[in-house]
Undergrad: 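Here it is, the structure, as structure tokens.
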Amino acid sequence: WWRLRVQTTESAPYGLFSMKVWQSSDPEPSDWVFEVADEMPEALDTGSFLLVAHESDAMFGKVEVKPLVKLQTAANGPGTVQVSPELNGPSDAYLLGDTVELTAVPDDPANFAFAGWSGDLTGAQNPASLTLDKAVTQVTATFAPKRTLTMTVDPAVAGEVLLDPPGGVYGNGTVVKLTPKSNANWSFAQWSGPNQSDLVPSGDGSWSIMMDADKSVTANFVPGYSLDITTTGQGTVLTNPPGNGFPQGTVVTLTAKPDWGWFFSGWQGDLTGRQNPATLTMNANKAVQATFIEANQAFLPIAVKRAR
């Protein structure tokens, strides 16, 4: 069995008519058997192809007709768009339904970054896959100056700020998430710096900032008291607010959560009693132990009244 591919492409002012034949058990070759340039017909989207068998019996199988696709790429800013697979020679063309991979490459990666796609491809994924489902497919890659986020922690020993995405250098318009993390005996207090007003709270202990210019912020930490929590038995203790390194006067709520088959028995250390949840005011470094006992060891006081 043999396979045949016939193709007509535009190559102004002529049309390029190409054909290749190969055994069906082999992959399609890259070379064409012949390529003929001729004047363009009035309409390329109509026409016919005649299969003729000379001096032998022949059976022709499935004939598949696929329109060709023009893929036009452009760059907005200093950069280029790479396409894979590449076209090899004037006869090569993309077919309707083909999938290509587009990669945006900045000319000056030290100062410019890929910012996003527009046209028939959107978003900022790079590289990105695109299925060619239009006769003319147009894609533009935008490149923008890089923006630098200067992040300062005051004092430096107090903690850190996690950046998502990390790095500190971003394409124009990138939204960065900042999450302060305090070390033991320290607590995050507030933001300061030239661009503190650009920070937007997320409600989960983090903030976001839009990198539409070079920006600088400082995370300020203050001394705090530590709360050391241990458990006996099987269970956990939740604190609100969470973390460690609480400012003077912070009221912390502790909630004991026994595992299945266990009961909370009580607090020891700087917190006593069986109240759950319980509160603790942080005016010094403190330690608390929560005790959990198994259900078959639980002691339940019972009052018995003798009948008269």
Side-chain angles (χ1 to χ4, degrees), residues 151-168 175-192 196 199-209 217-308:
M151 185 70 254
T152 305
V153 173
D154 184 27
V157 298
E160 62 178 337
V161 176
L162 304 181
L163 302 180
D164 183 19
V175 176
V176 183
K177 180 179 180 181
L178 296 82
T179 305
K181 294 291 184 181
S182 59
N183 292 332
N185 300 326
W186 292 89
S187 176
F188 173 73
Q190 62 183 6
W191 295 103
S192 62
Q196 61 169 325
L199 290 163
V200 179
S202 303
D204 59 355
S206 64
W207 285 257
S208 62
I209 191 169
V217 292
T218 298
N220 298 279
F221 294 82
V222 295
Y225 295 116
S226 64
L227 175 57
D228 182 26
I229 300 175
T230 58
T231 59
T232 298
Q234 296 184 17
T236 57
V237 177
L238 306 179
T239 61
N240 186 26
N244 207 342
F246 300 98
Q248 167 76 25
T250 301
V251 177
V252 182
T253 300
L254 295 87
T255 304
K257 296 285 188 179
D259 292 347
W260 187 88
W262 290 73
F263 288 90
F264 172 65
S265 175
W267 305 104
Q268 291 179 315
D270 290 307
L271 185 61
T272 58
R274 292 191 178 91
Q275 184 177 346
N276 188 34
T279 58
L280 187 66
T281 300
M282 298 301 297
N283 49 23
N285 293 332
K286 298 194 174 184
V288 173
Q289 177 177 291
T291 300
F292 301 93
I293 60 175
E294 287 188 87
N296 58 8
Q297 297 178 2
F299 172 73
L300 299 177
I302 301 175
V304 179
K305 185 177 180 181
R306 185 172 61 183
R308 296 183 180 183

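Numbers here are sequence positions counted from 1.
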Undergrad: The criterion is side chain to side chain donor-acceptor pair (under 3.5 Å); which residues satisfy it with Gln248, sequence neighbours excluded?
TA: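 Testing Gln248 for side chain to side chain donor-acceptor pair (under 3.5 Å), a comparison that skips the adjacent residues, returns Tyr225.
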Undergrad: Taking only residues two or more places apart in sequence or in another chain, which ones pass side chain to side chain donor-acceptor pair (under 3.5 Å) with Asn285?
TA: Ser226
Undergrad: For Val153 versus Phe221, what's the shortest heavy-atom pair and its separation?
TA: CG1-CE1, 3.6 Å
Undergrad: Between Val288 and Leu227, does the side-chain contact (heavy atoms from CB on, under 4.5 Å) criterion hold? Intermediate values first, please.
TA: CA-CA 8 Å; Val288 173; Leu227 175 57; 4.1 Å; yes
Undergrad: Can you tell if the side chain of Thr255 reaches within under 4.5 Å of the side chain of Asn240, non-hydrogen atoms only?
TA: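 They are not in contact (no side-chain heavy atoms under 4.5 Å apart), so the answer is no.
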Undergrad: Distance from Thr291 atom OG1 to Trp262 atom CH2, nearest 0.5 Å?
TA: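 So the OG1 of Thr291 and the CH2 of Trp262 are separated by 10.5 Å.
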Undergrad: With heavy-atom distances below 4.5 Å as the criterion, would you say the side chains of Phe292 and Asp259 are in contact?
TA: no
Undergrad: Looking at Ala219 and Val161, what are the two nearest heavy atoms and their distance?
TA: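 For Ala219 and Val161, the tightest heavy-atom pair comes out as CB-CG2, 3.5 Å.
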Undergrad: Give me the atom names and distance for the closest heavy-atom approach of Gly205 to Thr179.
TA: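 Heavy atoms of Gly205 and Thr179 come nearest at O-CG2, 3.9 Å.
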Undergrad: Can you check whether Ser265's main-chain N or O pairs, donor with acceptor, with Arg274's side chain at less than 3.5 Å?
TA: yes
Undergrad: Measure across Asn276 and Leu254 and return the closest heavy-atom pair with its distance rounded to 0.1 Å.
TA: OD1-O, 4.0 Å
Undergrad: Decide if atom NZ of Lys286 counts as having more than 12 heavy atoms of other residues, nucleotides or ligands within a radius under 6.0 Å.
TA: yes
Undergrad: If I compare all heavy atoms of Pro241 with all of Val251, which pair ends up nearest, and what's the gap?
TA: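 Taking every non-hydrogen atom into account, CD-O, 3.9 Å.
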Undergrad: Run the side-chain contact (heavy atoms from CB on, under 4.5 Å) test on Leu163 and Lys177 for me, step by step, so that the C-alpha distance in whole Å, both residues' side-chain angles and the decisive distance to 0.1 Å come before the verdict.
TA: CA-CA 6 Å; Leu163 302 180; Lys177 180 179 180 181; over 6 Å; no
Undergrad: Can you tell me how far the CG atom of Leu271 sits from the OG1 atom of Thr281, to the nearest 0.5 Å?
TA: 10.5 Å
Undergrad: Could you list the residues that satisfy ring-ring contact (aromatic ring centres under 6.0 Å, His included) with Trp207, not counting sequence neighbours?
TA: Phe188, Trp191
Undergrad: Please walk me through it: do Ile209 and Leu178 pass side-chain contact (heavy atoms from CB on, under 4.5 Å)?
TA: CA-CA 8 Å; Ile209 191 169; Leu178 296 82; 3.5 Å; yes
Undergrad: Drop me the distance from Thr253's OG1 to Leu238's CG, to the nearest 0.5 angstrom.
TA: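 These two atoms lie 11.0 Å from each other.
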Undergrad: For Asp154 and Asn220, indicate whether the former's side chain and the latter's backbone hold a donor-acceptor pair under 3.5 Å.
TA: no
Undergrad: Apply side chain to side chain donor-acceptor pair (under 3.5 Å) to Glu160 and list each qualifying residue two or more places apart in sequence or on a separate chain.
TA: none
Undergrad: Please enumerate all residues that pass salt bridge (charged side-chain N to carboxylate O under 4.0 Å, His left out) together with Lys257, with sequence neighbours excluded.
TA: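 Checked Lys257 against salt bridge (charged side-chain N to carboxylate O under 4.0 Å, His left out); zero matches.
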Undergrad: Is any side-chain heavy atom of Phe264 less than 4.5 Å from a side-chain heavy atom of Val237?
TA: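 Side-chain contact under 4.5 Å: no.
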Undergrad: Indicate the atoms forming the closest heavy-atom contact of Pro165 with Val175, along with that distance.
TA: CD-O, 3.9 Å
Undergrad: Mind checking side chain to side chain donor-acceptor pair (under 3.5 Å) for Thr232 and listing every partner two or more places apart, or none if nothing turns up?
TA: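 With sequence neighbours excluded, Thr232 shows a side chain to side chain donor-acceptor pair (under 3.5 Å) to Gln289, given in chain and number order.
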